[in-house]
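Encoded as structure tokens, the structure appears first; notes follow it.
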Amino acid sequence: FDHLTAQPALRHAMAQEIALFDRDSCIVVAPDAGAVKLAEQHQEDLGTSMFKMSKRRDPRDSQKITRDDYFPDAEGKHCLV
């Protein structure tokens, strides 16, 4: 089978959207550690900065996730998640 991905098409669409903004005002956000590799690829191709959100699971209940409430790296930026 062939593994098909829409990532190049998505990056092209994102590039068109952020063309309206200053690149310094845009940031790619990785919602967790598992998304960092893909976010780095987006960040490199789009010429923006990147931010990784932290995520912690409750050791007693793996369904419960906590995140920080404040992300100063993303403050005032156009975030691409």
Side-chain angles (χ1 to χ4, degrees):
F1 65 88
D2 291 332
H3 177 79
L4 302 176
T5 178
Q7 295 307 317
L10 290 171
R11 272 193 296 281
H12 177 73
M14 284 190 282
Q16 289 180 321
E17 288 293 318
I18 67 173
L20 305 172
F21 303 101
D22 175 20
R23 295 285 168 136
D24 291 336
S25 72
C26 298
I27 189 168
V28 172
V29 177
D32 59 23
V36 170
K37 185 176 178 180
L38 185 57
E40 286 174 340
Q41 189 174 10
H42 290 321
Q43 176 249 337
E44 183 179 317
D45 290 352
L46 296 171
T48 65
S49 57
M50 189 187 92
F51 170 68
K52 183 184 85 117
M53 295 175 72
S54 63
K55 176 174 81 173
R56 292 171 297 287
R57 292 193 183 272
D58 185 319
R60 290 167 281 147
D61 183 356
S62 64
Q63 297 297 314
K64 291 183 181 177
I65 297 172
T66 58
R67 294 184 189 272
D68 296 332
D69 292 333
Y70 178 65
F71 304 100
D73 293 345
E75 179 94 17
K77 304 246 179 177
H78 301 282
C79 298
L80 307 165
V81 181

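It should be emphasised that the depicted structure is a prediction, and the values quoted were computed from it without experimental measurement. No hydrogens, no waters, no symmetry mates; every other heavy atom, side chains included, goes into these values.
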Show me the donor-acceptor pairs, under 3.5 Å and distance only, between side chains in residues 32-42 and residues at least two apart or in other chains.
from: Asp32; atom 1: OD1; to: Gly34; atom 2: N; distance (Å): 3.2
from: Asp32; atom 1: OD1; to: Ala35; atom 2: N; distance (Å): 3.2
from: Asp32; atom 1: OD2; to: Lys55; atom 2: NZ; distance (Å): 3.1
from: His42; atom 1: ND1; to: Arg11; atom 2: NH1; distance (Å): 3.1
from: His42; atom 1: NE2; to: Gln7; atom 2: OE1; distance (Å): 3.1

Quiz item: Within the side chain of Gln43, is there an N or O that forms a donor-acceptor pair under 3.5 Å with the backbone of Ser49?
Solution: no
Under 3.5 Å, side-chain donor or acceptor atoms of residues 71-81 against the rest of the protein: list the pairs with distances, not counting sequence neighbours.
from: Lys77; atom 1: NZ; to: Asp24; atom 2: O; distance (Å): 3.0

Quiz item: Can you tell me how far the CZ atom of Arg60 sits from the CG atom of Asp58, to the nearest 0.5 Å?
Solution: 4.5 Å
Quiz item: When clusters are formed from ILVMFWY side-chain contacts under 4.5 Å, directly or step by step, what else is grouped with Leu20?
Solution: Phe21
Quiz item: Which residues, ordered by chain and number, are linked to Phe1 in its hydrophobic cluster, where ILVMFWY side chains connect at heavy-atom gaps below 4.5 Å, directly or through other members?
Solution: none
Quiz item: Listed by chain and number, what are the side chain to side chain donor-acceptor pair (under 3.5 Å) partners of Thr66, not counting sequence neighbours?
Solution: none
Self-check item: Under 3.5 Å: donor-acceptor pair, side chain of Arg23, backbone of Ile18
Solution: no
Quiz item: Shared ILVMFWY cluster between Met14 and Val28, side chains joined below 4.5 angstrom?
Solution: yes
Quiz prompt | Non-neighbouring partners of Asp22 that pass salt bridge (charged side-chain N to carboxylate O under 4.0 Å, His left out), sequence neighbours left out | solution = none
Quiz item: What residues, two or more places apart in sequence or in another chain, satisfy side chain to side chain donor-acceptor pair (under 3.5 Å) together with Arg56?
Solution: Ser54, Asp68
